[in-house]
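Each remark here refers to the structure printed beneath this line.
As the structure is a prediction and not an experimental result, all values here were calculated from the model.
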Amino acid sequence: MSLSNFRTLGRSGLVVSPLCLGTMTFGPGAWGADEASARAIFNAYREAGGNFVDTADIYAGGVSEEFVGKFIAETRSRDEVVLATKFGFNGSTSPLTGASGGTGNPHAGGAGAKNIHRALHASLKRLNTDYIDLYWMHIWDGVTPVEEIVQTLGDLVRAGKIRHYAFSDMPAWVAMKAATLASERRVPGPIAMQLEYSLVARDVEQEHFPAAREAGMGVMPWSPLAGGFLTGKYKREDVRDTGRLSGANPFGDSKFTDRNWDILDTLREVAAELDCAPAQAALAWAMARPGVGSTLIGARSLSQLSGNIMAADLHLGEDQMNRLNAASKPVDGFTASLGSQAVRQMVFGGNDVIGWGAQSAGLA
Ligand SMILES: NC(=O)c1ccc[n+]([C@@H]2O[C@H](COP(=O)([O-])OP(=O)(O)OC[C@H]3O[C@@H](n4cnc5c(N)ncnc54)[C@H](OP(=O)(O)O)[C@@H]3O)[C@@H](O)[C@H]2O)c1
């Protein structure tokens, strides 16, 4: 597999690379890359055959979008690049924008029609383009009716301002409801889900992955290296404060847990067998998981990117996948119990019944 081993994203005609270049690191900020480093990363990704670039309006207060727009213009690659950006976090107060605190404008965030139009207008300007290929709702705001989101984004598809839309960081039912409304109304629906997914973050397998499969959405893992934890550069005995990884963050607690260190031990073993870096094995694992359409890679330097891109050519053996799956197996919850053999036997009078999902996936 290489970056030019293209596939469609979900049940759509959008053709993308198996690794998508994440640009949260582009621009000033605690984890940022300056313009020269960001350009080198962008160009190296493109030279390796990659066509899929992901940014967001709030990354580095809009500087990430400006860099991406500039690099695309410099390389005259607008027709070749699948350009994705996001709306949703507040543009007036978010810590990621660098804007100071205080009371912000509630209309500068969320998924209401007013903010979506405001955000898109600003992103198009910063990106120096007149359309977005894939427009992400960055985060569920918890209040806007799904009907309004589908209406607003579908209208933007019809207006030609965006080609497709998709959802990031939302409950599975929100994406499923949007997909159902869209297909019933014969209007454009979401084509993908962007979710935290890695060897140390697999809880989305329970509700999100089945919903994505059912609705024809590709899953795009973000932080497949758990923000750097799965590179193996941190040690169990290490207690240094990395901020993003060692402490609580808006999406969860510290990655430095006994369970995660044990998963990392198995990853190191597998990587040693393959004579590769743990980061490459962790990315290859994510890419090989059923339902994953394209995996986001984040890099702060050219050397990190080059190493990570090599994951696209790495193949994990069945035994290696099984060991990694077992070491990182999420704790089963209520939904998982519904699919258990014991429950199925109770439903089908002791018989095994093979459903269409398994038949069509060639598992039966
Ligand atoms: N939708 C969302 O809510 C959401 C959230 C987060 C990210 N994202 C997207 O997903 C992309 C990737 O996320 P992420 O940056 O968290 O991914 P990640 O791959 O889990 O972490 C990337 C970070 O790990 C470190 N790293 C990467 N490769 C390395 C290597 N080979 N050796 C050592 N360190 C390495 C670097 O940080 P250091 O050098 O600082 O250690 C790098 O910035 C983002 O750019 C963004 O586009 C989306």
Side-chain angles (χ1 to χ4, degrees), residues 9-10 18-25 30-31 52 54-56 58-59 84-86 88-89 94-96 134 136-142 166-176 190 192-213 217-231 234 242-257 259-261 263-264 267 278-279 281-300 308 311 324-325 327-331 333 335-336:
L9 187 62
L19 288 173
C20 172
L21 179 64
T23 63
M24 192 170 71
T25 43
W31 57 66
F52 194 11
D54 181 83
T55 181
I58 51 149
Y59 291 166
T85 192
K86 317 186 189 81
F89 281 106
S94 167
L96 286 177
L134 180 59
W136 291 97
M137 179 179 81
H138 204 157
I139 187 147
W140 183 52
D141 68 12
F167 292 162
S168 147
D169 304 343
M170 73 295 149
W173 70 261
V174 170
M176 197 66 219
M193 296 185 187
Q194 191 173 136
L195 306 165
E196 181 176 12
Y197 186 58
S198 71
L199 278 161
V200 297
R202 292 181 57 189
D203 49 320
V204 289
E205 285 178 14
Q206 196 157 103
E207 294 282 351
H208 292 77
F209 273 64
R213 189 165 56 240
M217 292 185 232
V219 173
M220 277 185 65
W222 60 258
S223 287
L225 299 179
F229 178 82
L230 293 169
T231 64
Y234 303 103
T242 66
R244 189 174 164 208
L245 297 184
S246 61
N249 68 67
F251 291 103
D253 293 330
S254 168
K255 300 290 184 211
F256 293 0
T257 63
R259 174 184 153 82
N260 289 355
W261 291 120
I263 294 169
L264 183 59
L267 178 66
L283 288 170
W285 174 86
M287 294 169 79
R289 296 292 294 160
V292 168
S294 180
T295 300
L296 278 149
I297 41 172
R300 198 153 53 147
N308 297 350
L324 288 170
N325 289 342
S328 62
K329 187 175 183 312
V331 179
T335 310

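- S168 contributes atom OG, which lies 7.5 Å from atom CH2 of W222 (distance to the nearest 0.5 angstrom).
- Shown are D169, D54, T55; of these, the side-chain hydrogen bond (donor to acceptor under 3.5 Å, both in side chains) with K86 is made only by D54.
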task = Starting from the C-alpha separation in whole Å, work towards a yes-or-no answer on side-chain contact (heavy atoms from CB on, under 4.5 Å) for N308 and L19.
result = CA-CA 9 Å; N308 297 350; L19 288 173; 6.0 Å; no
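- The minimum heavy-atom distance between W285 and S198, with the atom names listed, is CZ3-C, 3.6 Å.
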key: side-chain contact (heavy atoms from CB on, under 4.5 Å) between M24 and L296, worked out   = CA-CA 10 Å; M24 192 170 71; L296 278 149; over 6 Å; no
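- The CE atom of M137 lies 10.5 Å from the CZ atom of F89; values are rounded to the nearest 0.5 Å.
- Put simply, the side chain of P330 reaches to within 4.5 Å of the side chain of E205, judged on heavy atoms.
- Shortest non-hydrogen contact noted between A286 and P224 is CB-CB, 4.5 Å.
- In this structure the side chain of R289 reaches within 4.5 angstrom of the side chain of Y197, judged on heavy atoms.
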message = Using side-chain contact (heavy atoms from CB on, under 4.5 Å), reason through M170 and H208 one step at a time and then give a plain yes or no.
response = CA-CA 9 Å; M170 73 295 149; H208 292 77; 3.9 Å; yes
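- In this structure, the side chain of T25 engages the main chain of A299 through a donor-acceptor pair within 3.5 Å.
- Atom CE of residue M287 and atom CD1 of residue I297 lie 8.5 Å apart, to the nearest 0.5 angstrom.
- Counting all heavy atoms, side chain and backbone alike, T85 lies closest to A56 at OG1-CA, 3.3 Å.
- Separating the CG atom in N260 from the CG atom in L230 is a distance of 7.5 Å, to the nearest 0.5 Å.
- Here the shortest heavy-atom pairing between M217 and A175 reads CE-O, 3.5 Å.
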task = Give the intermediate values and the outcome of side-chain contact (heavy atoms from CB on, under 4.5 Å) for residues F52 and L9.
result = CA-CA 11 Å; F52 194 11; L9 187 62; 4.1 Å; yes
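- One distance of note links CG of D203 with CZ of F209; it measures 10.5 Å at 0.5 Å rounding.
- The CZ atom of F229 sits 6.5 Å away from atom OG1 of T257, with the distance rounded to the nearest 0.5 Å.
- For R202 (side chain) and N325 (main-chain N/O), a donor-acceptor pair under 3.5 Å exists by modelled atom type.
- Across M193 and A212, no two heavy atoms sit closer than the pair CE-N, 3.6 Å.
- Annotation: side chain of Y234 is in contact with side chain of W261 (closest heavy-atom distance under 4.5 Å).
- The two residues A282 and L267 come nearest to each other via the heavy atoms N-CD1, 3.7 Å.
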